[in-house]
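Worth saying up front: this structure is predicted, and the values here are computed from it rather than measured. Convention: sequence-line order gives letters A, B, ...; per-chain numbering from 1.
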Amino acid sequence: MSRMRRLTKNFYQQDTFKLAKSLLGKYLVRKINNKTLLGKIVEVEAYYGPDDLASHASRGKTPRTQIMFSQPGLAYIYLIYGMYYCFNIVTEAKNFPAAVLIRALEPISGLPQMYKNRYLNKKKDNFILHPSALTNGPSKLCQAFKIDKKLNGHNLITSRIIYLAENPKEKISANSGSASGGKPSQIQSAKRIGVDYAGDYKHKLWRFYLKNNPFISSK
DNA sequence: CCTGGGATTTTCT
DNA sequence: GAAAATCCCAGGA
């Protein structure tokens, strides 16, 4: 793994949809007890503005959603279905609520720890599973990377324990899957998952993923 | 391949 | 009190 470079403030100041697509191929870095977990982002969803009925912010500023109205580059993490977390990156200037949900990663390093984080206390045979099962869903990747509400509001631009990075060699366009000279991955747009209640907004093609990537959560 | 139900608790009505 | 930006497992085709 060649040198990683942390993404800085200006990266997060792009508009939400550009940022969502730019995130594909970037890396999530998580430090726990001096050890590093690393995953490549392969699937995201945008939640945009006060009118987006799929967004928590469509019901206004509340104790939970106030972070979405905050500055770009913060982590928005919430509990879902009583037992899972989802990890988002806040976008857009203050008072305009928007965020990008990270839906799937390709696990890059620290896989043994990810297995532990996902399957501790469960009677699964860890090593039968394909590695994609570690992080091919928004709450799976939170388990694997030990992301929970303690990190809500964390600043990804300055944090030493959770942040985003890029590999300068992959600057133009992300490569998916194997490293051996593949063509640049294409970005596929699709409907967002699990938002059937969102009226017209359920049809928006605001999910983005790397085409044919084996680590996405769904086609 | 697909469909349906249970887990579990915060959040907002 | 209902719903939720999910996951996992069982059962049927």
Peer 1: State whether R103(A) places a side-chain N or O below 4.0 Å from either non-bridging phosphate oxygen (OP1 or OP2) of dT6(C).
Peer 2: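 Yes, within the criterion.
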Peer 1: Side chain of Y81(A): nearest nucleotide among dT6(C), dC7(C), dA5(C)?
Peer 2: dT6(C)
Peer 1: Scan every strand shown for a Watson-Crick or G-U wobble partner of dT8(B), both distances under 3.5 Å, and answer none if you come up empty.
Peer 2: none
Peer 1: Think K202(A) has a side-chain N or O under 4.0 angstrom from the OP1 or OP2 of dA5(C)?
Peer 2: no
Peer 1: Whole Å only: how far is the CD1 atom of I102(A) from the P atom of dT6(C)?
Peer 2: 14 Å
Peer 1: Roughly how many Å is it from CG in L79(A) to P in dC7(C), rounded to a whole number?
Peer 2: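 Between P of dC7(C) and CG of L79(A): 13 Å.
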Peer 1: Tell me yes or no: between the side chains of Q14(A) and S22(A), is some donor less than 3.5 Å from an acceptor?
Peer 2: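 Per modelled atom types, Q14(A) and S22(A) side chains form a pair under 3.5 Å.
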Peer 1: Whole-Å distance between dT6(C) P and E45(A) CD?
Peer 2: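 Result: 7 Å.
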Peer 1: Taking 5' to 3' order, which nucleotide of DNA chain B is first and which is last to have an atom within less than 4.0 Å of a heavy atom in chain A?
Peer 2: dA7(B) to dC12(B)
Peer 1: Is the shortest side-chain N/O distance from R192(A) to OP1 or OP2 of dT6(C) below 4.0 Å?
Peer 2: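 So the side-chain polar atoms of R192(A) never come under 4.0 Å of the phosphate oxygens OP1 or OP2 of dT6(C).
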Peer 1: dA5(C) base stacked by Y47(A)? Criteria: ring centres under 5.5 Å, plane angle under 30°.
Peer 2: yes
Peer 1: Could you tell me the separation between the CZ atom of R64(A) and the P atom of dA5(C), rounded to a whole number of Å?
Peer 2: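 Value for this atom pair: 7 Å.
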